[in-house]
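Note that this is a predicted model, so its numbers are computed, not measured.
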Amino acid sequence: MAIVIGLLVAGIILGVFLRDYTTIIKIFSRLTDGAIFLLLFFLGISVGMNEQVISNFQKIGLQSFVITILATLGSILVSYIVYKIFFKTS
């Protein structure tokens, strides 16, 4: 865990120094997108290889759908409240 936090802090510090270099930011953005797509692809492979997940896919899928909808609605509600409190100028 210390390695993960250390890498995050190092990335933040490096980001502060590189924020004026738009070319580097664009390159890192594309690399980040590519890494996320690869991780999602490998996650899909591992889920597809898990027999328990596949056999219970209907039950898990419904629960995931409900959790996703409720989490999205909660995020929208909290975002609205934060906007009203901190950003709305009347």
Side-chain angles (χ1 to χ4, degrees):
M1 189 61 158
I3 293 173
V4 172
I5 293 172
L7 287 171
L8 180 63
V9 170
I12 291 170
I13 292 169
L14 186 63
V16 168
F17 290 115
L18 295 177
R19 66 179 160 203
D20 294 330
Y21 298 96
T22 56
T23 305
I24 293 175
I25 292 171
K26 288 179 185 177
I27 291 170
F28 284 166
S29 176
R30 291 196 185 262
L31 288 173
T32 302
D33 290 346
I36 290 170
F37 291 143
L38 274 174
L39 287 170
L40 287 171
F41 177 72
F42 288 129
L43 177 64
I45 289 174
S46 66
V47 167
M49 292 173 59
N50 189 334
E51 229 174 278
Q52 265 187 321
V53 172
I54 296 301
S55 64
N56 293 316
F57 200 67
Q58 187 175 12
K59 181 180 176 184
I60 293 171
L62 178 61
Q63 290 174 348
S64 299
F65 178 74
V66 170
I67 291 170
T68 301
I69 294 299
L70 293 176
T72 302
L73 291 174
S75 295
I76 291 170
L77 177 66
V78 170
S79 298
Y80 179 75
I81 292 169
V82 168
Y83 173 75
K84 283 290 200 181
I85 292 172
F86 294 109
F87 298 104
K88 180 106 185 209
T89 55
S90 312

Over all heavy atoms of both residues, which pair between Gln52 and Asn50 is shortest? Give the atoms and the distance, please. N-OD1, 3.1 Å
State, to 0.1 Å, how close Val53 and Val47 come at their nearest heavy-atom pair, and which atoms those are. CG1-CG1, 3.6 Å
Using side-chain heavy atoms (C-beta onward) and a distance below 4.5 Å, is Ile12 in contact with Leu8? yes
Side chains of Leu43 and Ser46 in contact at under 4.5 Å (non-hydrogen atoms): yes
Output the distance between atom CG (Leu18) and atom OG1 (Thr23), rounded to the nearest 0.5 Å. 11.5 Å
Applying the side chain to side chain contact (heavy atoms under 4.5 Å, CB included) test to Val78, which of Val82, Ile76, Ile81 qualifies? Val82
Hydrophobic clustering (ILVMFWY, side-chain heavy atoms < 4.5 Å, transitive) - are Ile5 and Leu14 grouped together? no
Atom CG of residue position Leu38 - does it have more than 12 heavy atoms of other residues, nucleotides or ligands inside 6.0 Å? yes
Can you tell me how far OG of Ser29 sits from CD1 of Ile24, rounded to the nearest 0.5 angstrom? 13.5 Å
In this structure, CD1 of Ile85 is separated from OH of Tyr80 (nearest 0.5 Å) by 11.0 Å
How far does OG1 of Thr22 sit from CD1 of Ile27, to the nearest 0.5 angstrom? 9.5 Å
What's the separation between atom CG in Asn56 and atom CD in Glu51, rounded to the nearest 0.5 Å? 11.0 Å
When you group the ILVMFWY residues by side-chain heavy-atom contacts below 4.5 Å and let the links chain together, are Phe37 and Leu39 in the same group? no
Measure the spacing between CG of Leu73 and OG1 of Thr68 and express it to the nearest 0.5 Å. 11.0 Å
Under a single-linkage definition using a 4.5 Å side-chain heavy-atom cutoff for Ile, Leu, Val, Met, Phe, Trp and Tyr, are Tyr21 and Leu31 assigned to the same hydrophobic cluster? yes
